[in-house]
Amino acid sequence: MSNVLFAALSALVLIGLVYRAASLFTFTAVVGLVALGFYGLGGLGQTGLVVFAAIYVPVALLLNVAGLRRAVLSAPIFKAFSKALPAMSQTEKDALEAGDTWWEAEMFGGKPEWSKLMNVKFTELTADEKSFLENETEQLCKMVDDWKVSFELKDLPEEVWNFMRKNKFFAMLISKEHGGLGFSPYAQSCVVAKIATRSLTASVTVMVPNSLGPGELIMHYGTDEQKKYWLPRLVDGTEIPCFGLTGPEVGSDASAIPDTGVVVKRKVNGKEELGIMLNFSKRYITLAPVATVVGLAFKLKDPNGLLGDPNKTEYGITCALLEANTPGVEIGRRHYPGAAFMNGPIFGKDVYIPLTSIIGGREMAGKGWRMLVECLSAGRGISLPALSAASGWGMYLATGAYARIRRQFKLPIGKFEGVQEATGKIAGLTYKLEASRILTATACAECAPSVITAMMKFHMTEMMREIILRSMDVHGGRTVILGPRNYLGQAYQAMPVAITVEGANIMTRNLIVFGQGAIRCHPWVLKEMQAAQNPNKAEGLRDFDKAFFGHLGHIVNRAIRALVLGLTGNRLAKSPVSGEMAPYAKAIERRSAALAFTADVAMGVLGGELKRRERLSARLGDVLSHLYMASAVIKYYETNGRSAEELVHAKWALEDSLAEIDKALNEFNRNFPNKAVGRLLSFVAFPFGMGKCKGPSDSLNADAAELLMTRNVFAERLLDKVFVGEGSSDPTGRILEAADKLLSIEPGYSNFLKAVSSGKVVGDGLEAQLKDAVEKRVIDAALAQGIREFEPMRFDAILTDDFSKEYLASAGAIPDVKMNVKPVVEYREAA
Ligand SMILES: Cc1cc2nc3c(=O)[nH]c(=O)nc-3n(C[C@H](O)[C@H](O)[C@H](O)COP(=O)(O)OP(=O)(O)OC[C@H]3O[C@@H](n4cnc5c(N)ncnc54)[C@H](O)[C@@H]3O)c2cc1C
């Protein structure tokens with residue numbers, strides 16, 4: 001064998017070893033064997049072998065003898081690393097360590113073990129949960145008239161509040177043991193989403209007690225007495241809870257709240273007790289105007305050491321239960337956030353509460369921030385994704401229906417390519433939303449996934465925003481004009497609420513997703529940090545040595561993996577499934593390796609600076625988020641039977657996510673401050689040039705847009721989830737009934753219209769034209785009857801509302817008298 005051939009084979013073997021993540025010992029041994037091989041072939045002389053051995057032996061010993069490696073290599077690196085590690089406040093540490101990682105950690109790791117995803121069983125509804133959706137939830141939807149609520153009453157009617165209380169809508173997350181409904185995250189998501197398809201105000205009202213707030217905090221951390229007293233009262237609606245964290249001075253940077261609670265001694269009913277004197281100013285608090293109990297976040301101080309530790313005066317963020325009628329509390333005024341759900345400020349001056357009000361009791365003093373971060377997943381991972389998916393469901397069905405019914409230039413508007421750009425997008429994004437909602441709700445049932453829920457909070461609410469905007473465009477004036485016929489205007493008005501709450505979107509994308517994800521999901525970084533912070537230095541060094549060399553191996557392996565997968569056109573990547581999804585799974589796997597390498601290099605080169613480089617870190621967060629959502633789409637498609645109609649949706653969603661990933665990586669590499677490193681990253685991720693995924697093609701988009709206008713399998717599934725009232729009692733029902741009727745008379749209806757347009761069918765008015773068309777056998781009598789029934793439905797579906805000046809000026813107090821709008825009929829002189 002020639003030396004050149006041997007060199008090529010050796011290189012392949014060594015690359016193969018790195019690709020397969022062989023151990024350091026195996027790799028070192030094979031390097032030695034390769035050198036001996038060269039020597040045997042004459043490619044390396046005696047002197048060469050001696051020189052090689054002089055370098056190889058000490059390096060091999062240094063790397064493979066643990067004690068030696070720790071003393072010579074790891075110890076100085078450990079020292080430098082510990083020094084360079086930015087000091088972290090307890091709050092930051094709590095936030096980092098709170099919550100769990102799940103499937104997204106596989107994506108971040110760069111070598112996903114697909115079986116973990118494929119073995120996940122989507123949560124299914126229990127018989128009780130199903131019945132609650134079909135009965136109580138359906139009934140609640142029927143009781144709400146969203147226009148009356150949002151414009152006339154600016155509140156839910158009393159009977160709706162009572163119905164919610166009586167049927168435990170506010171206690172879905174409280175366990176059965178405590179009298180609550182004890183619903184799974186998926187069931188909670190389905191209930192909130194269904195209500196949202198009828199009324200945003202009603203769904204937010206249900207959402208809040210079932211996400212971060214007194215109920216969840218008491219369930220997780222409450223003392224036995226707190227559980228015994230508060231939970232039954234929250235379950236039957238005697239108490240309405242709200243949660244007060246935000247104030248005028250702090251929103252996103254909530255850990256900096258200026259609100260204080262000072263530990264004091266007081267005589268109460270003749271007995272001396274420890275208590276807290278609160279001073280606070282909160283705003284934007286949902287349900288505050290009607291709340292009877294506030295979960296209040298403040299900074300606890302103990303200047304006189306009354307809690308027993310004279311050296312500890314600052315305890316930090318603490319959460320306590322505050323009864324709304326406590327002297328010194330001002331509550332009840334309302335903000336008006338573009339929808340009628342209750343929201344308002346709370347102010348407190350020298351408000352006294354006993355120390356037992358701290359949620360979880362005295363030992364939870366100062367642990368408020370950790371509690372909040374751990375409990376955030378309910379809002380971020382369940383309620384807001386449910387709201388976002390519900391917007392997708394509703395708009396998929398209603399916009400699809402309207403695009404088919406509304407005709408301009410003698411065609412349904414949904415047939416124009418420009419409109420299809422929007423409607424195809426609505427179809428694909430709704431599919432992505434639904435796949436992500438179900439996977440994330442399942443994750444929330446298994447653990448408290450802090451990274452996934454931050455990713456979904458941002459991306460799902462942004463997809464919702466996009467769907468609402470595109471739907472507004474497709475509807476034109478039909479949804480600009482507010483009123484009882486409008487099924488979209490309210491969502492458009494209140495959309496910024498979802499974008500802002502539970503971590504405003506810009507901050508969530510730029511600061512949290514990658515900032516938290518990089519450390520939590522990385523197989524080694526958190527271990528390195530924990531080792532550096534270990535007060536037992538010897539133990540710390542041992543852990544650090546393991547983590548640091550594991551980390552180095554990880555970087556090299558992921559670089560080679562990404563490069564090899566790129567050079568072989570993803571052929572060596574694994575797919576958990578065969579068929580149409582396989583190439584997508586392989587493309588995802590390759591990009592996962594590229595992300596792992598890119599993230600490590602970025603952290604290595606920029607260090608702590610990466611946190612401030614939000615434009616860069618946000619892009620890596622986007623890559624991780626889209627890898628997660630793309631894998632959710634594969635899982636959802638495979639679980640739902642792989643139909644051809646579903647395939648179009650799944651492909652659209654996957655093409656879109658892959659394009660977003662490539663765009664994010666390209667932009668990251670192009671803008672990386674060190675240009676040479678940027679080029680290296682680009683070469684590893686995309687050896688044949690920049691990321692090539694460009695998003696759904698025109699023809700895929702057209703297929704998705706056409707499906708949106710039909711009753712396909714995905715649409716049928718959505719129909720089972722949304723609330724649809726009958727005809728004119730419900731704005732969505734009206735348009736869907738008309739679209740169903742139209743579908744039942746197509747394609748004959750279009751042929752009839754074409755015949756009228758070409759002059760083949762003539763007649764003065766619809767009746768005469770139908771008669772002529774039947775006589776000329778363009779349509780049969782049954783179809784003529786169908787068209788006769790459809791025409792008034794069509795006209796009714798395109799109408800908007802108008803009001804008397806008095807009704808508008810009095811916000812509904814002076815009843816309206818409706819004008820009867822009819823189709824235009826041309827004037828004809830009598831014969
Ligand atoms: C309708 C509604 C209901 C709410 N309900 C509640 C409730 O029940 N309880 C409660 O305690 N709070 C509630 N909130 C408060 C909500 O959580 C805050 O509005 C949110 O945290 C943002 O704070 P802010 O509005 O003060 O915006 P700011 O913090 O002033 O932020 C303004 C902008 O700057 C961006 N930004 C800030 N810091 C960064 C950063 N480091 N990097 C990048 N971008 C950044 C934000 O993303 C945002 O776009 C509610 C708010 C609304 C509007």
Side-chain angles (χ1 to χ4, degrees), residues 91-92 95 150 154 170 200-201 203-217 240-259 280-291 293-298 317 319-320 322 324 331 333-348 368-369 371-373 375-376 378-380 383-384 387 454 457-458 461-462 465 490-491 493-516 610-619 621-622:
T91 311
E92 280 176 303
S150 56
K154 310 266 186 320
F170 299 145
L200 181 84
T201 295
S203 86
V204 172
T205 304
V206 169
M207 246 167 78
V208 168
N210 287 295
S211 49
L212 181 61
E216 194 184 17
L217 294 173
I240 296 288
C242 69
F243 184 72
L245 173 65
T246 309
E249 298 287 358
V250 290
S252 302
D253 188 12
S255 63
I257 42 173
D259 313 290
F280 60 88
S281 175
K282 304 290 187 186
R283 68 173 178 185
Y284 306 154
I285 309 306
T286 305
L287 294 190
V290 291
V293 57
V294 185
L296 191 82
F298 57 90
I317 295 180
C319 296
L322 167 67
I331 191 166
R333 288 181 64 78
R334 292 182 64 178
H335 296 305
Y336 194 52
F341 61 85
M342 290 290 155
N343 185 281
I346 317 176
F347 185 74
W369 191 248
M371 282 158 69
L372 299 186
V373 178
C375 289
L376 267 174
R380 288 184 183 171
S383 310
L384 290 170
L387 204 60
K457 195 278 148 168
F458 171 75
T461 55
E462 288 296 336
R465 168 146 71 178
Q490 175 68 176
Q493 265 187 334
M495 176 177 70
V497 174
I499 301 292
T500 305
V501 298
E502 308 267 4
N505 273 11
I506 297 181
M507 198 254 318
T508 299
R509 172 174 179 253
N510 288 268
L511 194 68
I512 309 237
V513 171
F514 185 77
Q516 203 179 48
L610 187 55
K611 191 176 166 186
R612 280 179 294 280
R613 297 280 190 148
E614 289 190 348
R615 286 188 184 88
L616 289 178
S617 61
R619 289 179 181 124
D622 288 347

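In each ligand, atom 1 is the first atom listed, and ligand 1 is the first ligand listed. The model shown is predicted, which means the values in this text are computed figures rather than measured ones.
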Query raised in the report: Is a side-chain donor or acceptor of Ser617 paired with a backbone partner of Phe514 at a separation under 3.5 angstrom?
Result: no
Report task. With sequence neighbours excluded, tell me which residues meet salt bridge (Lys or Arg N to Asp or Glu O under 4.0 Å) with Glu502. Result -> none
**Report entry** Atom-level proximity to ligand 1, residues with heavy atom under 4.0 Å
**Finding:** Phe243, Gly244, Leu245, Thr246, Gly251, Ser252, Tyr284, Ile285, Thr286, Pro337, Phe341, Asn343, Val497, Thr500, Val501, Glu502, Ala504, Ile506, Met507, Leu511, Glu614
Requested in this report: Could I get the full list of side chain to side chain contact (heavy atoms under 4.5 Å, CB included) partners for Val501, not counting sequence neighbours?
Outcome: Leu384, Val497
Requested in this report: Mind checking salt bridge (Lys or Arg N to Asp or Glu O under 4.0 Å) for Arg465 and listing every partner two or more places apart, or none if nothing turns up?
Outcome: Glu462
Requested in this report: Go through Val208 and Phe170 one step at a time and tell me if the side-chain contact (heavy atoms from CB on, under 4.5 Å) criterion holds.
Outcome: CA-CA 8 Å; Val208 168; Phe170 299 145; over 6 Å; no
Query raised in the report: Quick one: which of Val294, Asp259, Thr246 gives a side chain to side chain contact (heavy atoms under 4.5 Å, CB included) with Lys282?
Result: Asp259
